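These numbers come from a predicted model, not from an experiment. Order of the sequence lines fixes the chain letters, A, B, ..., with proteins taken first and strands second; residue numbering starts at 1 for each chain.
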There are 2 protein chains.
Amino acid sequence: MSNASKSEKPIRVLIAEDQTMLRGALAALLNLERDIAVVAQAANGREALRLASELAPDIVITDIEMPERSGLELASDLKSGNGKARVIILTTFARPGYLRRALDAGAFGYLLKERPVSELAEAIRRVHAGLRVIDPTLAADAWNAGEDPLSDRERQILNRAGEGISSAEIAAQLRLSEGTVRNYLSDAINKLGATNRVDAARIARSRGWL
Amino acid sequence: MSNASKSEKPIRVLIAEDQTMLRGALAALLNLERDIAVVAQAANGREALRLASELAPDIVITDIEMPERSGLELASDLKSGNGKARVIILTTFARPGYLRRALDAGAFGYLLKERPVSELAEAIRRVHAGLRVIDPTLAADAWNAGEDPLSDRERQILNRAGEGISSAEIAAQLRLSEGTVRNYLSDAINKLGATNRVDAARIARSRGWL
DNA sequence: GCGTTTTCATGACATTTGTCATGAGTTGTG
DNA sequence: CACAACTCATGACAAATGTCATGAAAACGC
């Protein structure tokens, strides 16, 4: 047995990322690091959760926008579960709202795909050592961008409106009156300083509020 | 010294991809292949064109959606230039319109980021050997999806409308009357079987026509 | 040069969207 | 409990959007 005094066991990592090529490439490169071992890969959030509870990795690297279950949901799931895995979010999007939600969901790291792989390896080591790692570009932005002013209903409705669904359709889907839907949209447009529903949806998305 | 008789010169590859992490990871992995050498990397189309004419690579791997100059434009540029580089498009999007435009622009390969890295290496070898490589998922789709029914003007207007810009604004930008803009949009909505401008933009984008 | 397509325009009309005032029931927090 | 925030609704009006008919000029292919 003998637990070596210096702790030579590699950091066990799980990667959740829906894009196969990136997922495979990251796994291959991280495995070249002597102190890191990629123990599993998942192409969606649900799969990742299953594998995480089965394999109990130290670190879970996850994208945000994935099918089945988003990376933010995954982070929540893992926090409320009984595993010890710490989550590092790895995403394309420098959206303040995403960062904030990631931290709320208990993530320990937030890194952009704009950075080189070496930084990912470094982030893994830091987070494993108990530190938090936030992309410097975002750390500043996040606060001056302000809170998400939208209510749940507004988000729900704005999301559909942004895809070109008519007020009448949205009302039917959510079992509301059409006037109500228009009212929510009017509020949302106002809160976001937009000129119409599509503009509002665009703005909300760009901040990571949808 | 000694140039071995069996032709041991590696295939010289340039990678154009705006996402740093993927770009770096691909370069690292491809460089592990004995017969492939990544001679340069670019983060946008303009940069890629410059490096290509300077270094004369055998193969250019390029993403489509990039700043400065898209991968499709890059392919065109390279075709009309005097280099010998063959282009392989590497993209997230399984959009028939993109494939068609890629082939029109003289691309030799069209591969999705949904595939493993090994297939990319294989595609490089095949294209270098003079073959064309089209992702099988798409080869079928491309034809039954039909032609882009939109005129240039319609595309131009629909694109703006899809971002939430009002008819009046679009008219001002393009120096048209507002009625004209609405007419174009009405036509586009009709051609695409959409219910409104936003829906139309969504459909056109999903097919790679915008 | 003739037909087709594209471009651009007007006007008129129906529909959808956005705004505002107003009010009632629910939920949550201090 | 009071206050605030959220939810849902109506009605009325203004503005933007979508449809249709119609026509004229330019560009393109054959």
Side-chain angles (χ1 to χ4, degrees), chain A residues 76 97 100-101 104 145-210, chain B residues 76 97 100-101 104 146-207 209-210:
Chain A
S76 275
R100 194 181 294 244
R101 282 200 269 162
D104 285 350
E147 291 277 346
D148 177 355
L150 302 174
S151 69
D152 287 346
R153 256 311 190 219
E154 286 166 348
R155 252 193 306 280
Q156 202 178 22
I157 289 173
L158 190 53
N159 212 358
R160 287 169 168 76
E163 283 165 5
I165 301 176
S166 71
S167 303
E169 248 302 290
I170 297 175
Q173 283 181 18
L174 303 179
R175 250 151 276 218
L176 297 175
S177 87
E178 196 190 318
T180 302
V181 170
R182 294 216 306 278
N183 284 339
Y184 277 118
L185 284 171
S186 185
D187 277 359
I189 290 167
N190 222 280
K191 287 180 178 176
L192 299 173
T195 64
N196 58 51
R197 49 179 70 193
V198 185
D199 192 31
R202 201 185 45 71
I203 292 172
R205 273 192 245 276
S206 77
R207 310 232 173 114
W209 293 336
L210 287 190
Chain B
S76 275
R100 196 181 293 247
R101 283 200 268 161
D104 285 350
E147 292 275 346
D148 177 354
L150 302 174
S151 70
D152 287 346
R153 255 310 190 220
E154 285 167 348
R155 252 193 305 280
Q156 203 178 21
I157 291 173
L158 190 53
N159 212 358
R160 287 170 169 76
E163 282 165 6
I165 302 175
S166 71
S167 302
E169 247 302 291
I170 297 175
Q173 283 180 18
L174 303 179
R175 249 148 280 214
L176 297 174
S177 87
E178 195 191 319
T180 302
V181 170
R182 294 216 306 278
N183 285 337
Y184 278 118
L185 283 171
S186 186
D187 276 359
I189 289 166
N190 223 277
K191 287 181 179 177
L192 299 173
T195 65
N196 58 50
R197 49 178 71 193
V198 186
D199 191 32
R202 201 185 44 71
I203 292 172
R205 273 192 244 276
S206 75
R207 310 235 172 112
W209 293 336
L210 285 190

Phosphate OP1/OP2 of dT16(C) contacted by Ser166(A) side-chain N/O (<4.0 Å): no

Which whole-number value in Å describes the distance from Ile170(B) CD1 to dA16(D) P? 13 Å

Between dG18(C), dC8(D), dG11(D), spot the one nearest the side chain of Tyr184(A), thanks. dC8(D)

Starting at the 5' end of DNA chain C and moving along, which residue's nearest nucleotide shows up first, Pro149(B) or Leu176(B)? Pro149(B)

Check: Leu210(A) main-chain N/O paired with Asn159(A) side-chain donor or acceptor under 3.5 Å: no

What contact category does Asn183(B) fall into here, base, sugar-phosphate, or nothing, at under 4.0 angstrom with non-hydrogen atoms? base

Does dG18(D) have OP1 or OP2 sitting under 4.0 Å from an N or O in the side chain of Arg197(B)? yes

If you compare every side-chain N and O of Ser167(A) against the phosphate oxygens of dT17(C) (OP1, OP2), does one of them come in below 4.0 Å? yes

Would you call Arg101(B)-Asp104(B) a salt bridge at under 4.0 Å N-O? no

Can you tell me the distance, in whole Å, between the CG atom of Leu185(B) and the P atom of dT19(D)? 10 Å

Is there a donor-acceptor contact under 3.5 Å from the side chain of Arg197(B) to the main chain of Ile189(B)? no

Below the 4.0 Å mark, does dT10(C) have OP1 or OP2 next to a side-chain nitrogen or oxygen of Ser177(B)? yes

To the nearest angstrom, how far is Leu158(B) atom CG from dT17(D) atom P? 14 Å

Note: for Glu154(B) and Gly179(A) on DNA chain C, the residue whose nearest nucleotide lies more 5' is Glu154(B)

Asp187(B) CG to dT5(C) C1', straight-line distance once rounded to whole Å: 12 Å

Please give, in whole Å, the distance from dT17(D) C1' to Ile157(B) CD1? 14 Å

Kindly point out which of dG18(C), dG18(D), dT7(D) is positioned nearest to the side chain of Ile189(A)? dG18(C)

Considering only heavy side-chain atoms of Ser186(B), the closest of dG18(D), dT19(C), dA9(C) is dG18(D)

More 5' along DNA chain D: Arg153(A) or Arg182(A), using each one's nearest nucleotide? Arg153(A)

Side-chain ion pair, Lys191(B) and Glu154(B), N-O less than 4.0 Å: yes

Whole-Å distance separating the CG atom of Asp152(B) from the P atom of dC28(D): 12 Å

Any Ser151(B) side-chain N or O less than 4.0 Å from OP1/OP2 of dT7(C): yes

Over how many whole Å does the gap from Leu174(B) atom CG to dT6(C) atom C1' extend? 15 Å

How long is the line joining CD of Glu178(B) and C1' of dT19(D), in whole Å? 15 Å

dist Ile157(A):CD1 -> Thr180(A):OG1 (nearest 0.5 Å) comes out at 8.0 Å

